[in-house]
Amino acid sequence: MSISYLRPIKCRITIFDKPMICRFCSNDVFIPYEMYINVEQPGIGCLYAHDLAICQHCGEVNHFSDPSDFDNEKGIFVWALKQYAVDENEEND
C-alpha cells in the first residue's frame, strides 16, 4: 500500500524509492511521526514541523525531511516520500 502522506503506523518508508534504514541497527520498519516546535519566541505561534521515524527494532529516533517539491520543468508535483504498511506477519518473516 503506497500513500502520499505519512501515518503513524508500522511501515517501510522510501524517499525517492530508496528505503529508509535505521542508522543504528539497519532495520527498515518504522512508525513515522510529525512533531511541531515553536522556532521563535514562545507565544508567536510560528511552528516548524520535524519528521521523525521510530525504529521498531531498537527504538532509535530517525530524523528525516520530505524533499517533495514542484518540478517546474515537467510542470508536476513530485512526491518523494512513500509509506508501505507492514502487517505483523510480514514483519516477523
Side-chain angles (χ1 to χ4, degrees):
M1 172 172 83
S2 173
I3 57 178
S4 61
Y5 60 94
L6 297 174
R7 294 183 300 161
I9 61 172
K10 281 188 181 181
C11 66
R12 289 188 170 89
I13 300 169
T14 62
I15 300 174
F16 290 123
D17 296 324
K18 292 185 179 179
M20 180 184 289
I21 304 294
C22 180
R23 298 179 303 267
F24 190 71
C25 72
S26 300
N27 187 44
D28 66 346
V29 178
F30 298 91
I31 293 183
Y33 290 97
E34 199 170 49
M35 181 178 78
Y36 293 93
I37 61 168
N38 192 334
V39 295
E40 296 182 18
Q41 297 173 356
I44 292 177
C46 179
L47 298 177
Y48 180 75
H50 283 287
D51 292 310
L52 309 169
I54 311 300
C55 176
Q56 292 303 287
H57 180 72
C58 71
E60 178 75 11
V61 176
N62 293 271
H63 298 262
F64 64 98
S65 61
D66 181 0
S68 301
D69 202 0
F70 189 79
D71 185 336
N72 289 322
E73 291 180 14
K74 296 180 182 175
I76 59 171
F77 192 85
V78 178
W79 291 104
L81 288 176
K82 291 189 176 133
Q83 177 182 28
Y84 302 92
V86 175
D87 66 26
E88 297 299 323
N89 295 330
E90 178 186 353
E91 184 181 357
N92 294 327
D93 289 344

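Qualifying side chain to side chain contact (heavy atoms under 4.5 Å, CB included) partners for Ile31, counting only residues two or more places apart in sequence or in other chains: Pro8, Lys10, Tyr33, Gln56. In this view, Ser65 satisfies the side-chain hydrogen bond (donor to acceptor under 3.5 Å, both in side chains) rule with no residue, not counting sequence neighbours.
Residues Ile21 and Phe24 fall into different hydrophobic clusters, defined by Ile, Leu, Val, Met, Phe, Trp and Tyr side chains chained together at heavy-atom separations under 4.5 Å.
Interatomic distance, Asp71 CG to Phe77 CZ, rounded to the nearest 0.5 Å: 10.5 Å. In this structure, the separation between SG on Cys22 and CG on Asn62 is 4.5 Å, given to the nearest 0.5 Å. The CZ atom of Phe64 lies 4.5 Å from the CE atom of Met20; values are rounded to the nearest 0.5 Å. For the atom pair Ile9 CD1 and Tyr84 OH, the distance stands at 12.5 Å (nearest 0.5 Å). In this structure, Asp51 CG and His63 NE2 are separated by 10.5 Å, a value rounded to the nearest 0.5 Å. Distance check: Cys11 SG to Asp28 CG gives 10.0 Å after rounding to the nearest 0.5 Å.
Surrounding CZ of Phe16 are more than 12 heavy atoms belonging to other residues, nucleotides or ligands, all under 6.0 Å away.
Side-chain contact between Asn27 and Cys58 is absent, with no heavy-atom pair separated by less than 4.5 Å.
Heavy-atom minimum distance, Thr14 versus Pro19: CG2-CA, 4.0 Å. The shortest heavy-atom contact between Ile13 and Ala53 is CD1-CB, 4.2 Å.
Remark: the backbone N or O of Arg7 is paired with a side-chain donor or acceptor of Gln83 at under 3.5 angstrom.
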Practice item. Take Val29 and Arg12 through the side chain to side chain contact (heavy atoms under 4.5 Å, CB included) test and state the conclusion after the steps. Key: CA-CA 5 Å; Val29 178; Arg12 289 188 170 89; 3.9 Å; yes
